[in-house]
Number of protein chains: 2
Amino acid sequence: MSEAHFDSLMKAALLQRFPKQVVLIEEGHRPDFLHVVVEGLVELFSQHRSRETTIDIIRPVTTFILAAVATDEVYLKSARTLTPARILLVPAQAVRDMLTRDPDFARAMIHELALRYRGIVRTLKNEKLRSGSERVANWIIRTSQDGEKSGSIVLTYDKRTLASHLGMTPESLSRAFSHLADYGVRCHGRKIEISDRSALLSFAAPDPLIDG
Amino acid sequence: MSEAHFDSLMKAALLQRFPKQVVLIEEGHRPDFLHVVVEGLVELFSQHRSRETTIDIIRPVTTFILAAVATDEVYLKSARTLTPARILLVPAQAVRDMLTRDPDFARAMIHELALRYRGIVRTLKNEKLRSGSERVANWIIRTSQDGEKSGSIVLTYDKRTLASHLGMTPESLSRAFSHLADYGVRCHGRKIEISDRSALLSFAAPDPLIDG
DNA sequence: CGCAAAATTGAACCCAATCAATGTTCGTGG
DNA sequence: CCACGAACATTGATTGGGTTCAATTTTGCG
């Protein structure tokens with residue numbers, strides 16, 4: 001998009017810091033701002049009759065509640081920070097105005113919406129087509145290759161949070177880890193070690209159509 | 001969008017009929033056409049290691065695999081007709097070209113993508129926050145007020161299909177119906193009767209943030 | 001060092017899937 | 001028009017993955 005347009009958006013926007021576990025938006029409210037995670041982790045979740053479920057975890061740099069801003073309807077989900085975070089807040093009206101003014105911006109928005117859509121489809125497939133242990137196994141594989149430290153991971157947050165990431169209770173996560181011991185996964189405190197990657201891989205069966 | 005542009009898209013498109021249970025697209029393939037359901041029901045589903053799950057059910061008139069066309073990446077899900085259907089096939093390249101040519105079209109696409117995104121969020125919430133019986137109860141309520149026939153529904157398709165709609169097996173659906181008998185739901189063959197709507201409502205607890 | 005939160009472990013339970021058997025419906029061909 | 005077979009539907013028994021509740025143990029931090 002044009003630099004002038006970008007600047008005008010940024011001028012209207014605010015960059016704000018939040019501590020962890022702060023609720024940023026609540027389902028049912030109307031969108032005032034488009035949110036962009038600049039730093040930290042944000043969890044999208046939803047509640048109904050005292051039940052709660054994680055819908056997505058957002059990492060930098062991505063937008064969230066873009067769809068609500070685009071349609072100007074109430075949020076379908078709530079968001080909270082999982083870690084301390086920096087969030088860029090862009091006034092919703094400014095975004096909608098820009099849509100009609102800048103075709104490149106509109107195209108970027110299409111791309112972003114499409115990506116987010118595909119992301120949620122992956123999340124859904126991960127949840128519905130895999131057991132808890134399989135989700136953990138795939139999470140280990142993905143995370144351990146991000147860090148490039150071939151054989152181990154050190155958690156940056158606690159296991160409760162990881163469990164909610166993976167759509168399960170802390171108890172289930174704990175049992176999943178002990179199950180994965182059969183495939184060479186050991187975990188001492190916050191350190192997770194992988195001794196037999198190929199065994200883990202064959203159990204996890206990562207799939208580009210789920211894991212990207 | 002402009003009529004001329006619309007015509008040019010339509011000229012490139014084809015309207016085709018399909019019998020039921022025909023696989024229209026397969027996950028992992030590249031998008032050749034944007035699909036639009038004009039008539040009938042289409043199920044989006046996905047497979048992994050011999051497991052299969054329904055991701056969404058599309059009814060007229062909506063597009064599907066729009067996100068794959070927008071990003072020009074492989075499909076993340078497959079699609080099959082649940083009933084005989086008429087599908088409009090618009091060449092993917094024509095859609096992408098039109099994006100850059102017609103700003104109104106781009107805006108319409110944003111709107112559609114956002115709607116589809118919100119649709120899948122609702123589906124996900126319905127699945128994760130409700131039990132099977134609750135999903136059935138809410139489906140009954142929604143469907144019975146569509147028809148305006150206050151106290152009864154007549155199924156237009158078989159219960160296997162309904163079960164897949166609702167993300168459960170035919171056996172579970174059957175048990176859910178007998179469970180709902182406690183709330184005044186009787187079902188004889190393809191006819192479902194509701195004798196105590198308020199009891200059903202209090203069990204179902206419909207929610208605008210899930211059911212729309 | 002000591003306490004509170006987090007993590008693990010065990011037991012009971014619940015929802016839903018699966019397997020298996022039987023009953024019902026529906027479409028078709030005689 | 002009826003009879004028959006195949007698909008659909010229901011019911012029961014069993015299983016399994018996962019949650020919940022409760023009791024310890026471990027961890028991390030003041």
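Here is the naming used below: chain letters follow the sequence lines, and residue numbers restart at 1 for every chain. This is a predicted model, so every value here is computed, not measured.
In the helix from C:dC1-D:dG30 to C:dG30-D:dC1, the end axes, each obtained as the rotation axis mapping the C1' atoms of four pairs onto the next four within a five-pair block, lie 30° apart to the nearest 10 degrees.
Among C:dT8, C:dA16, D:dG18, the nucleotide with an atom closest to any side-chain atom of B:Ser131 is C:dA16.
A sub-4.0 Å separation between OP1 or OP2 of C:dT25 and a side-chain N or O of B:Lys159 is absent.
For the pair A:Met109 and B:Arg107, the minimum side-chain heavy-atom distance is 4.5 Å or more.
B:Phe177 has its CZ atom 12 Å from the P atom of D:dT11, to the nearest Å. At whole-Å resolution of the value, CZ in A:Arg51 and P in D:dT20 are 10 Å apart. If you measure from atom CG of A:Leu129 to atom P of D:dG17, you get 16 Å, rounded to the nearest angstrom. The nearest whole Å value for the distance from the CZ atom in A:Arg190 to the P atom in C:dT8 is 11 Å. The nearest whole Å value for the distance from the CZ atom in B:Arg160 to the C1' atom in D:dT10 is 12 Å. The interatomic distance linking A:His179 (NE2) with D:dG18 (P) rounds to 10 Å, in whole Å. As rounded to whole Å, 9 Å separates atom P of C:dA7 from atom CG of A:Leu155.
Cation-pi geometry between A:Arg80 and A:Phe45 is satisfied (NZ or CZ under 6.0 Å from the ring centre, within 45° of the ring normal). For the pair A:Lys11 and A:Phe6, the cation-pi test (distance below 6.0 Å, angle within 45°) is failed.
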Could you list the protein-to-nucleotides 17-21 of chain C atom pairs, N/O on both sides, closer than 3.5 Å?
{"unit_1": "C:dA17", "atom_1": "OP2", "unit_2": "B:Thr169", "atom_2": "OG1", "d": "3.4"}
{"unit_1": "C:dA17", "atom_1": "OP2", "unit_2": "B:Ser172", "atom_2": "OG", "d": "2.6"}
{"unit_1": "C:dT18", "atom_1": "O4", "unit_2": "B:Arg175", "atom_2": "NH2", "d": "3.1"}
{"unit_1": "C:dC19", "atom_1": "N4", "unit_2": "B:Glu171", "atom_2": "OE2", "d": "3.2"}

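Ring-centre distance between A:His35 and A:Phe64: below the 6.0 Å cut-off.
In this pair, B:Tyr157 and B:His165 present their aromatic rings parallel. The plane angle is below 30°, not in the 30 to 60° band.
Ionic pairing of B:Lys77 and B:Glu26 is not present here: no N-O contact between side-chain nitrogen and carboxylate oxygen is shorter than 4.0 angstrom.
Closest non-hydrogen pair, A:Tyr75 versus B:Leu209, comes out as O-CD2, 3.7 Å.
A side-chain N or O of B:Glu43 and one of B:Ser164 form a donor-acceptor pair less than 3.5 Å apart.
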